[in-house]
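What follows is a short report on a single structure.
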Amino acid sequence: MQNLEIPATARTPAVLFDFGQHQLKIKGESYPEDVTEFYGPVFSALDTYLANLGEGQCRFDFELIYLNSSSAKAIMMLMDKLDLAASKGATVDVYWHYDKEDDTMQELGEEFGEDLENAKFHLEKMAG
Amino acid sequence: MLAGQLMDMRAMLHKHGVIFAYSGYVTEPVLSGVGEALKQKLTIDDADTKTLRSVFAVFVEQMQNIIRYSAEKAQSSPPSDQPSSALMEIRYGILTIGKEGDDYVVCAGNLVVRTDVDRLNSKLSKIRDLSRDELKALYKEQLRAEPEQGSKGAGLGFMEIARRASKPLEFDFTNIDRDHAFFALKATI
């Protein structure tokens, strides 16, 4: 399927979904004016991809510097989709990269990670 | 005279340690613009990364609370041929960012309807009195919960502010008229 590439803006992260390579990434800051408008197309593309993943492998990297509370809900929904795919037999690795100087983002990553039952969660420090 | 008046206003803000002040109708582009200037000022001040991110995070939540929930609003009259979603609506509030000693403070105020005061008061009191671990647990619970009626976000804003703050939240209400109260919220980082 067609890759999804959305360049970053001041208020929205870059989305780099390379479906052929099974490497998906969200990178930057996330405090969109309208969370649904931004994440809607991201969710649809991911849903289509995951529905066809079967027992395949994929890697998802979150490299978020900052996200507002409305975005946190969207990220949780992304995590749920990945976990569901893993529960159906896919091998899913989720990497949460956090700035070593911001423990709030580390904590948030840990909280998301705790809820993953089937996908494998990795917490990674970003070089400052 | 003119300079004197404005200078007095400026001096009053200055006396309270205010670095940024915005009073008026708030829109998303206002948030973007003031937020950008705030980031630059914090960078110039050489604030550490965690402080910079926390002040900014609190600012975003406070601004979005005004944009979404202030009870004082200006509306364009509904165009007859447009769906109601096309209605233009902007909301009024005041937000200041300043310093108290080494701490940054972000204060926001706006009108609320008086029937919302009890709900807001108990919600904020609960959040203020929680330990860090309890707050973390409640945040996680709310993240998975359906937002309460009337919420336009994830219902996490006050908790996000409390988590980013280094001291307990301060808040207050004062009655304005039969229907409205002024609500003020202060976060120290």
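Sequence lines set the chain letters: A, B, ... in the order given, protein chains first and strands last, and positions in each chain run from 1.
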Donor + acceptor pair across side chains of A/Ser30, A/Tyr39 (<3.5 Å):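 Judged by distance alone, the side chains do pair up.
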Distance-only polar pair, side chains of A/Thr12 and A/Thr9, donor-acceptor under 3.5 Å: yes
Pairs meeting criterion salt bridge (charged side-chain N to carboxylate O under 4.0 Å, His left out) with involvement of residues 29-39 of chain A, two or more places apart: A/Glu29-B/Lys39
Whether B/Tyr22 side chain and B/Tyr25 backbone form a donor-acceptor pair below 3.5 Å: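 Side chain of B/Tyr22 to backbone of B/Tyr25: a pair is present.
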Contacting moiety of B/Arg144, where chain A heavy atoms sit under 4.5 Å: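 Both parts, backbone and side chain.
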Structural part of B/Glu61 lying under 4.5 Å from a heavy atom of chain A: side chain
Top contributor to chain B interface from A/Asp115, A/Thr36, A/Leu67 [non-hydrogen pairs under 4.5 Å]: A/Asp115
